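The model shown is predicted, which means the values in this text are computed figures rather than measured ones. Just so you know, residue 1 is the first one in the sequence shown, and it goes up from there.
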Amino acid sequence: MLDIHQILTKLPHRYPFLLVDRVLDVDLQAKTLRALKNVTVNEPFFGGHFPKRPVMPGVLILEALAQASALLSFQTEGITLDDDTVFYFVGIDGARFKRPVEPGDQLVLHAALDRVRAGIYKFNCKATVGEGMACEATLMCTMRKVK
């Protein structure tokens, strides 16, 4: 389990783009992680993303899943990013959105590491609200030096 203070030491993202509030559990053997994003009405995107019926943009749900996936990589492989390294989102396959995510929802982010090949990490991901599926996708990420 990681709280927000520990997440801030692992991810370079900051408000308003940090989209993981807490890691609920990590299974290092199974290479899975569950994290939480509390969706509140004061999120900056809700003012313009359907003001009469606020909905979390799908691309931000995918970004939250990518951030959870990065945390899983760091935990399973004992990686700590330095200021010269970025964990880039490089691909999405099979993204499907099943229900809208609205203010007041608790978005549970599920990431499972499928494989690592040639420096590309592949994850099977899903985001749920309660028992309902909000989104599922296969994500690919990689680490690169930026300086």
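A distance of 11.5 Å separates CD of Gln106 from OG1 of Thr40, quoted to the nearest 0.5 Å. In this structure, the separation between CZ on Phe87 and CG on Leu11 is 10.0 Å, given to the nearest 0.5 Å. From Asp84, atom CG reaches atom NZ of Lys145 across 5.5 Å, with rounding to the nearest 0.5 Å. From Arg22, atom CZ reaches atom CE of Met1 across 4.5 Å, with rounding to the nearest 0.5 Å. Distance CZ/Arg115 to CG/Leu113: 10.0 Å, rounded to 0.5 Å. Remark: Lys31 NZ to Asn124 CG distance equals 13.5 Å, nearest 0.5 Å.
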Decide yes or no on side-chain contact (heavy atoms from CB on, under 4.5 Å) for Asp83 and Val146, but give the supporting numbers first.
CA-CA 9 Å; Asp83 291 340; Val146 293; over 6 Å; no
Steps toward side-chain contact (heavy atoms from CB on, under 4.5 Å) verdict (Asp105, Arg99):
CA-CA 12 Å; Asp105 285 344; Arg99 72 175 300 283; 3.4 Å; yes
For Met140 and Thr138, run side-chain contact (heavy atoms from CB on, under 4.5 Å): C-alpha distance rounded to whole Å, both residues' side-chain angles, the deciding distance at 0.1 Å, then the answer.
CA-CA 7 Å; Met140 282 74 61; Thr138 300; 4.1 Å; yes
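Residues Leu109 and Met133 are members of separate hydrophobic clusters, defined by side-chain heavy-atom contacts under 4.5 angstrom among Ile, Leu, Val, Met, Phe, Trp and Tyr. Val108 and Ile7 fall into different hydrophobic clusters, where Ile, Leu, Val, Met, Phe, Trp and Tyr side chains are chained together by heavy-atom contacts under 4.5 Å. Transitive grouping of hydrophobic side chains (ILVMFWY, heavy atoms separated by less than 4.5 Å) keeps Phe50 and Met56 in distinct clusters. Hydrophobic clustering keeps Val86 apart from Leu62 (ILVMFWY residues linked when any side-chain heavy atoms are closer than 4.5 Å, directly or through intermediates). Residues Leu65 and Val90 are members of separate hydrophobic clusters, defined by side-chain heavy-atom contacts under 4.5 angstrom among Ile, Leu, Val, Met, Phe, Trp and Tyr.
With Asp21 contributing its side chain and Asn38 its backbone, the two residues share a donor-acceptor pair below 3.5 Å. When atom types are taken as modelled, the side chain of Glu136 and the backbone of Lys126 share no donor-acceptor pair closer than 3.5 angstrom. The main-chain N or O of Leu8 is found under 3.5 Å from a side-chain atom of Arg14 such that the two form a donor-acceptor pair. With hydrogens and angles ignored, the 3.5 Å screen pairs no side-chain donor or acceptor of Glu77 with any backbone N or O of Phe74.
With sequence neighbours left out, Leu28 forms a side-chain contact (heavy atoms from CB on, under 4.5 Å) with Val26, Gln75, Thr76.
Looking at heavy atoms from C-beta onward, Lys10 lies out of side-chain contact with Leu81 at the 4.5 angstrom threshold. Using a 4.5 Å cut-off on side-chain heavy atoms (C-beta onward), Tyr121 and Ser69 make no contact. The side-chain heavy atoms of Phe89 and Glu63, taken from C-beta on, include a pair separated by under 4.5 Å. For the pair Lys122 and Leu139, the minimum side-chain heavy-atom distance is 4.5 Å or more. By the 4.5 Å heavy-atom criterion applied to side chains, Ser73 and Phe123 are counted as neighbours. Residues Tyr88 and Cys141 have side chains not in contact (no heavy-atom distance under 4.5 Å, counting atoms from C-beta outward). Taking the side chain as every heavy atom from C-beta outward, Val20 and Leu36 never approach each other to under 4.5 Å. Put simply, the side chain of Leu19 does not reach to within 4.5 Å of the side chain of His13, judged on heavy atoms.
Counting all heavy atoms, side chain and backbone alike, Gln6 lies closest to Thr9 at O-OG1, 2.6 Å. In terms of heavy-atom proximity, Leu107 sits nearest to Ala127 at CD1-CB, 3.7 Å. Of all heavy-atom pairs between Ala95 and Ala137, the closest is CA-CB, 3.8 Å.
In this structure, Asp25 places its CG atom where more than 12 heavy-atom neighbours from other residues, nucleotides or ligands lie under 6.0 Å away.
Note on Glu43 versus Lys37: salt bridge recorded, some NZ/NE/NH1/NH2 to OD/OE distance being below 4.0 Å.
Between Thr32 and His110, the side chains place no donor N or O within less than 3.5 Å of an acceptor N or O (distance only, hydrogens not considered).
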